Amino acid sequence: EEKKVINFSPGPAKLPEDVLARAQKEFLNFNNTGVSVMELSHRSADFSQIIGHAERDLRDLLEIPDNYKVIFVQGGGTGQFSAVPLNLIDLKPGASADYIVTGSWSAKSAKEAEKYGKINRVLPKTEKYSVIPDQSTWNLSPEASYVYYCANETIHGVEFQFIPETNGVPLVCDMSSNILSKRVDVSKFGVIFAGAQKNIGCAGATLVIIREDLIGFSDPICPILMDYKTQVGNNSLYNTPPTYSIYIMGLVFQWIKEHGGVAQMEKNSRQKSTILYDIIDNSNGFYQCPIERDSRSRMNITFRIGVNFEDEALEKKFIDEAHQNGLISLKGHRSVGGIRVSIYNAVHVHEAEKLGEFMKNFQRLNI
Ligand code: PMP
């Protein structure tokens, strides 16, 4: 069946066609159980296989060291904005943490963490998030219980091209919008978390990878289902986990393995984003990316339209005409306006090329 649209949604986002087709095939009768995955007990042998397989594939894909635990929980990325301080702020007596705020999501996380401890914002306050300042300008505190950052700011389109050096202070990373899109050295992190609905599945499940020695320090007020120790100790089955979302995540992990693994996803993302940034940079100011070159995201490409100014009417025309051409979900986040193209793992290189052709034509016809 010919697909009629190309989905550039920021999330929930496009899933690989093969994953959806397989889920459909197995929908009514999973693995000859006679029931849907949705209808399986989370304590059944069949579900145990699903979650076990998902964890093993993830460990393979990211080469997760043995001293790290993996859990699948509810609550989304936002749930982890609370869970991180509730579990880690008491690692040191000062109950403080450093937050590297580079966009809306890290800003929200820092604000939430302030309920539980003393939060030090490492970078000067700004309204315009367009760059990751050089690490030499940061003011990290050695007494911090942890250092927090967001690897890819989904709204602004700002992505770290390096892993911050924290000199032994545990590093916590929100990888919701770029996990499994490039190789990372997991051993550099204390905690990595990611909501599923962008690169690794559908909404409902959140992945958390935790270094073993950081487990067991939760604040006494920490809700039990946010407590890493409870979730790790019960293999994510303390209460009912988001079973169907975990199943879809497992299918996505298999798909990535079958398609060259994380290294290939990284190559693809480089290729897709380069196609689009080149068109922006060679448009003589018709398209403008507000993000500095070294901080640009490979996943969310943000730009404005109009010869050297932001022409909102022209941007609306772009979005409408793109939609008529089957290129959907290109509107920038309401807080920043403009255009945002989200190209997660499931978006093919030829789909990015198709949008690139549309952009070149649109410029020619509207200059
Ligand atoms: N972090 C990042 C980087 C995000 O992009 C998002 C959601 N778009 C969140 C956190 C919040 O995730 P959730 O909606 O799952 O709570």
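Note that the structure is predicted; figures quoted are calculated from it, not measured. Side chains included, hydrogens not; waters and symmetry mates left out as well; all remaining heavy atoms used. For ligands, and for the atoms within them, numbers begin at 1 and follow the listed sequence.
Cluster partners of Y344, using a side-chain heavy-atom cutoff of under 4.5 Å among ILVMFWY residues and allowing indirect links, are M299.
Between K317 and D320 there is no salt bridge, since no side-chain nitrogen of the basic residue lies less than 4.0 Å from a carboxylate oxygen of the acidic one. Using a 4.0 Å cut-off between a side-chain N of Lys or Arg and a carboxylate O of Asp or Glu, K111 and E114 do not qualify as a salt bridge.
Contact shell of ligand 1 (protein heavy atoms, cutoff 4.0 Å): G76, G77, T78, F81, W105, C150, N152, T154, D174, S176, S177, Q197, K198.
The side-chain hydrogen bond (donor to acceptor under 3.5 Å, both in side chains) check on R270 picks up nothing, with sequence neighbours excluded.
Every pair passing side chain to side chain donor-acceptor pair (under 3.5 Å) that includes a residue from residues 79-96 is listed here, sequence neighbours excluded: Q80-Y228, S82-E112.
In terms of heavy atoms, I6 sits closest to E351 at CG2-CB, 3.6 Å.
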